Amino acid sequence: MKEHIAELIGVAIDTLKQQGVLPTDLTARVMVENTKDKSHGDFATNIALMLAKQARCAPRDLAQKLVEALPKSDSVTQVDIAGPGFINFFASSETINAVVGQILAQKESYGLSQVGAKQRVQVEFVSANPTGPLHVGHGRGAAYGATISDLLAAVGFDVYREYYVNDAGRQMDILATSVWLRYLELSGERLEFPSNGYKGEYIREIARKVQDQFGQALIKSAKDVFDGVSADEPKGGDKEIHIDELIAKAKSLLGIVNYEGLFDIALNDIRWDIEDDLAEFGVRYQKWFSERSLTRGGDVEKSLKLLQDAGHIYEQEDGALWFRSTAFGDDKDRCVRRENGMTTYFASDIAYMNNKFERGFDKVLYVFGADHHGYLPRMKAVCQALGYPLEKLDFRLVQFAILYRGTERVQMSTRSGSFVTLRELRDEVGNDAARFFYVSRKSDQHMDFDLDLAKSQSKDNPVYYIQYAHARVCSVMRKLAEHQWQFDAALGLANLDRLDSDYEKNLMTALARYPEILENAALNYEPHALALYLKDLSSEFHTWYNALKVLEEDEVLRNARLTLSDAVRQVLANGLGLLGVQAPEEM
RNA sequence: GCCUCAAUAGCUCAGUUGGAUAGAGCGUCCCCCUCCUAAGGGGAAGGCCGCAGGUUCGAUUCCUGCUUGGGGCACCA
């Protein structure tokens with residue numbers, strides 16, 4: 001309908017050009033918007049205000065001329081000029097009603113589009129280090145990444161979801177060493193657990209699995225392990241040096257084969273746990289991309305060579321290699337290979353990005369936690385240094401959620417190992433509430449996540465409110481049978497003109513907005529827009545439902561209202577599905 | 001010190017390419033089931049859109065400065 005009105009305006013503009021009222025070289029983008037106030041009709045355009053200057057003409061006069069030049073249309077019943085020069089359009093009831101038939105015909109595909117034109121988009125999200133279970137901060141990234149991926153797919157993009165597994169590097173060594181030390185404790189050794197080690201209870205569980213698999217084979221005396229290792233921080237030493245020396249001890253005492261065996265048990269255990277956790281949360285990936293595969297496959301060396309050949313890498317006296325990211329606006333240059341010959345995590349990041357581009361994606365999207373925002377300049381620098389246009393790259397930052405129980409803030413602490421995990425959150429409030437709450441706010445804003453509200457089964461809780469609207473329609477459909485009635489959609493659709501109340505008109509207008517909401521939410525990576533829309537639609541529905549009876553004696557009216565109910569149900573189901581939330585038939 | 005995101009009703013937040021009288025929900029106050037799920041609905045009150053300038057027909061929206069908060073950065077992923 002908006003397109004139709006824009007076309008009408010376009011014709012009117014051309015006519016005025018021919019009449020010499022408007023300059024022929026004038027270009028205008030006609031904007032048609034939904035009106036907020038019903039007295040302003042159904043659609044409005046500010047075109048006269050925008051063109052007034054170029055036309056050397058008062059806005060209202062220009063609006064008058066445009067209206068006079070407007071071609072006739074069956075869909076438009078009335079055109080007004082209002083305010084400083086807005087042109088308001090009133091749509092015919094047939095035009096407004098038409099959406100109901102559309103929805104019933106298109107069912108789950110109502111709202112989908114092809115604006116993405118099958119462009120290939122790669123989305124990387126969560127990518128938390130496999131050093132422990134996901135916590136509630138990761139949960140928001142997971143819900144957000146999964147939802148924008150699904151939204152993009154819904155509007156015609158070819159979406160490829162990836163989780164980058166940091167399965168190489170120091171953090172993983174710390175994990176493996178932590179597991180080993182707990183294993184030694186289980187075996188009866190008494191030792192001082194390093195302050196920088198991973199202390200969560202899950203480490204002990206993994207240690208028991210190591211015991212199952214290796215038996216006594218990995219036992220060394222605590223005396224041998226700590227012999228020659230410098231002091232830990234609480235005893236006046238440096239905790240980083242302390243843990244690094246313990247890692248070295250683990251490798252030398254166990255030998256490379258046993259060490260890697262231990263390492264892999266820890267890695268796989270946590271990775272499976274994360275994968276399982278996310279799957280239960282309705283989050284699935286096309287690929288779990290291993291960092292080790294980049295190192296071992298030579299991708300890291302290859303991409304560094306690429307940058308080196310392009311002159312973006314320099315070597316310092318100590319032998320370390322640096323990427324000149326300052327040439328692309330970064331604050332400082334970045335080390336890619338340390339003096340000890342080890343490549344940095346950043347070197348892997350470069351290799352991974354290069355790998356993504358080589359796979360030919362049209363768009364590469366990173367969803368980061370907000371604490372990683374300092375990464376953006378260097379990532380953009382890499383993109384340019386590799387010779388790819390920045391337009392292919394996109395970043396979205398997800399802020400952390402702060403948990404509350406009512407008004408009381410839930411304390412979280414990663415250090416003590418007593419953080420709130422995503423799994424704990426899901427167990428407490430359920431997947432539906434968690435998925436919905438996470439994406440119901442703009443992603444780059446902090447959000448307060450009220451656990452009590454998320455659990456409450458009342459109208460205060462938007463998830464239940466929306467789900468209840470869906471269940472209500474289903475309930476009405478079930479009630480039909482009790483009256484020995486049947487839903488006659490054809491009869492209803494043929495008599496939509498019986499739905500002449502403002503309640504019903506508002507509902508249909510809301511239904512008609514869905515495809516546009518969906519498209520904007522997807523293209524702007526803003527799932528909260530869809531969440532808000534579903535709440536609004538539910539509200540319109542409840543208002544109508546409360547005011548007018550669906551199961552009327554009058555068969556024609558009854559079926560007309562049933563078609564509208566079913567259309568609402570369908571759109572709610574479609575929208576909730578995209579948010580990863582169930583649409584229950586009864587509650 | 002630099003970067004970044006924010007600042008809208010008592011609270012939590014919308015406001016998408018600059019538009020008409022700035023919107024929801026909660027909370028407060030009032031009201032509505034002999035009726036399809038009251039797990040719902042209606043109404044009232046509540047605002048210098050952080051402050052000060054600028055751009056123009058018009059600014060909550062764009063630009064600059066300031067104030068106040070969140071977060072990040074000092075070969076650590």
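Everything numeric in this text was worked out from a predicted model, so none of it was measured. Protein chains get the first letters and strands the later ones, always in sequence-line order, with residue 1 at the start of each.
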> Want to settle it: does A/Q316 or A/I517 sit nearer the 5' end of RNA chain B, counting the closest nucleotide to each?
Replying inline: A/I517
>> When you measure from the centre of the six-membered ring of A/Y375, is the NZ or CZ of A/R378 closer than 6.0 Å and no more than 45° off the axis?
In response: yes
Below 3.5 Å is the cut-off: list the nitrogen or oxygen pairs between protein and nucleotides 68-72 of chain B, distance only.
{"unit_1": "B/G70", "atom_1": "O2'", "unit_2": "A/H446", "atom_2": "ND1", "d": "3.4"}
{"unit_1": "B/G70", "atom_1": "O2'", "unit_2": "A/H446", "atom_2": "NE2", "d": "2.9"}
{"unit_1": "B/G71", "atom_1": "N2", "unit_2": "A/H373", "atom_2": "NE2", "d": "3.1"}

> Given that both distances must come in under 3.5 Å, which nucleotide forms a Watson-Crick or G-U wobble pair with B/A44?
Replying inline: B/U28
>> Could you tell me if A/R558 sits above the aromatic ring of A/W485, with its cationic atom closer than 6.0 Å to the ring centre and no more than 45 degrees from the axis?
In response: yes
>> Nearest to the side chain of A/F86, heavy atoms from C-beta on, is which of B/G19, B/G41, B/C76?
In response: B/G19
> What are the residues of residues 525-538 of chain A, sorted by number, that bring a heavy atom to within less than 4.0 Å of RNA chain B?
Replying inline: A/E526, A/H528, A/L532, A/K535
>> Protein within reach of the bases, or only the backbone? For nucleotides 26-31 of chain B, mark each nucleotide 5' to 3' as B, S or -, using heavy atoms under 4.0 Å.
In response: S-----
> Distance between the C1' atoms of B/C51 and B/A7, in whole angstroms?
Replying inline: 11 Å
>> Using the side-chain heavy atoms of A/W322, tell me which of these nucleotides is nearest: B/A38, B/C75, B/G41.
In response: B/C75
> Just checking A/E586: base, sugar-phosphate only, or nothing, at a heavy-atom cut-off of under 4.0 Å?
Replying inline: base
>> Side chain of A/C335 only, heavy atoms from C-beta on: which candidate in B/G42, B/C75, B/A20 is closest?
In response: B/C75
>> Base, sugar-phosphate or nothing for A/S475? Non-hydrogen atoms, less than 4.0 Å.
In response: base
>> Once side chain to side chain donor-acceptor pair (under 3.5 Å) is applied, what residue pairs with a partner in residues 57-67 of chain A remain, sequence neighbours excluded?
In response: A/Q64-A/E68
>> The side chain of A/N46 is closest to which nucleotide in this list: B/G41, B/G19, B/C36?
In response: B/G19
>> Among B/G19, B/A39, B/A6, which nucleotide has an atom closest to any side-chain atom of A/L49?
In response: B/G19
Donor-acceptor pairs under 3.5 Å, side chain of residues 523-535 of chain A to any protein atom, not counting sequence neighbours: which ones?
{"unit_1": "A/N524", "atom_1": "ND2", "unit_2": "A/N520", "atom_2": "O", "d": "3.1"}
{"unit_1": "A/Y525", "atom_1": "OH", "unit_2": "A/D394", "atom_2": "OD2", "d": "3.3"}
{"unit_1": "A/Y533", "atom_1": "OH", "unit_2": "A/A510", "atom_2": "O", "d": "2.7"}

> Are A/E516 and A/K2 close enough for a salt bridge, meaning some N to O gap below 4.0 Å?
Replying inline: yes
>> Quick test of your reading of the model: are A/K505 and A/D42 salt-bridged, counting only N-O distances below 4.0 Å?
In response: yes
>> My understanding is that only residues two or more places apart in sequence, or in another chain, count here; which of them pass side-chain hydrogen bond (donor to acceptor under 3.5 Å, both in side chains) with A/E504?
In response: A/S501, A/W544, A/R561
>> Within the 4.0 Å heavy-atom criterion, would you say A/K549 contacts the bases, only the backbone, or no part of the nucleic acid?
In response: base
>> Base, sugar-phosphate or nothing for A/R170? Non-hydrogen atoms, less than 4.0 Å.
In response: nothing
> Between A/T45 and A/M587, which has a closest nucleotide on RNA chain B that is more 5'?
Replying inline: A/T45
> In whole angstroms, how far is the P atom of B/G25 from the CD atom of A/E540?
Replying inline: 11 Å
> Of the candidate nucleotides B/C13, B/A74, B/A14, which contains the atom at the shortest distance from the side chain of A/K332?
Replying inline: B/A74
> Across the strands shown, which category fits A/N129 at heavy-atom distances under 4.0 angstrom: base, sugar-phosphate, nothing?
Replying inline: sugar-phosphate
> Taking atom P of B/U12 as reference, at what distance in whole Å does atom CZ of A/R405 sit?
Replying inline: 20 Å
>> Using the six-membered base ring of B/G41, report whether A/Y545 stacks on it, requiring centroids under 5.5 Å and planes under 30° apart.
In response: no
> Base, sugar-phosphate, or nothing for A/N196, non-hydrogen atoms under 4.0 angstrom?
Replying inline: nothing
>> Please pick, from B/G19, B/A39, B/G41, the nucleotide with the shortest atom-to-atom distance to any side-chain atom of A/Q457.
In response: B/A39
>> Looking at B/U64, which nucleotide sits across from it as a Watson-Crick or G-U wobble partner, both distances under 3.5 angstrom, or is there none?
In response: B/A52
> A/A320 near the nucleic acid: base, sugar-phosphate alone, or nothing, with a heavy-atom cut-off under 4.0 Å?
Replying inline: nothing
>> Using Watson-Crick or G-U wobble geometry with both distances under 3.5 Å, which nucleotide pairs with B/A39?
In response: none
> Is there a Watson-Crick or G-U wobble partner for B/G58 with both distances under 3.5 Å, and which nucleotide is it?
Replying inline: none
> Which class fits the ring pair A/F323 and A/F346: parallel under 30°, tilted 30 to 60°, perpendicular over 60°?
Replying inline: tilted
>> Going by the rule ring pair (Phe, Tyr, Trp, His ring centres under 6.0 Å), which residues pair with A/F86 if we only count those two or more places apart in sequence or in a different chain?
In response: none
> What residues form a ring pair (Phe, Tyr, Trp, His ring centres under 6.0 Å) with A/Y163, not counting sequence neighbours?
Replying inline: A/Y285, A/W288
>> From NZ of A/K2 over to C1' of B/U17, roughly how many Å is that when rounded to an integer?
In response: 12 Å
>> Whole angstroms only, please: what is the CG-C1' distance between A/N546 and B/A39?
In response: 13 Å
> On a plain distance test, is the side chain of A/N524 in donor-acceptor contact with the base of B/U16 below 3.5 Å?
Replying inline: yes
> Quick one: side chain to side chain contact (heavy atoms under 4.5 Å, CB included) partners of A/L390, sequence neighbours excluded?
Replying inline: A/K380, A/C383, A/Q384, A/L393
> Taking only residues two or more places apart in sequence or in another chain, which ones pass side chain to side chain contact (heavy atoms under 4.5 Å, CB included) with A/H373?
Replying inline: A/L397
>> A/N340: which residues meet the side-chain hydrogen bond (donor to acceptor under 3.5 Å, both in side chains) condition with it, sequence neighbours left out?
In response: none
>> Between B/U67 and B/G58, how many Å separate the two C1' atoms, rounded to a whole number?
In response: 28 Å
> Between A/E291 and A/S348, is any side-chain donor less than 3.5 angstrom from a side-chain acceptor?
Replying inline: yes
> At under 4.0 Å between heavy atoms, what does A/D244 touch on the DNA or RNA strands: base, sugar-phosphate, or nothing?
Replying inline: nothing
> For A/N34 and B/G19, what is the distance between atoms CG and P respectively, to the nearest whole Å?
Replying inline: 14 Å
>> Does anything in residues 168-179 of chain A form a salt bridge (Lys or Arg N to Asp or Glu O under 4.0 Å)? List the pairs, not counting sequence neighbours.
In response: A/R170-A/E240, A/R170-A/D244, A/D173-A/K251
> Whole Å only: how far is the CG atom of A/N88 from the C1' atom of B/G19?
Replying inline: 12 Å
> Who does B/G1 pair with, Watson-Crick or G-U, both distances under 3.5 Å?
Replying inline: B/C73
> Base, sugar-phosphate, or nothing: which does A/R334 touch, judged by heavy atoms less than 4.0 Å apart?
Replying inline: nothing
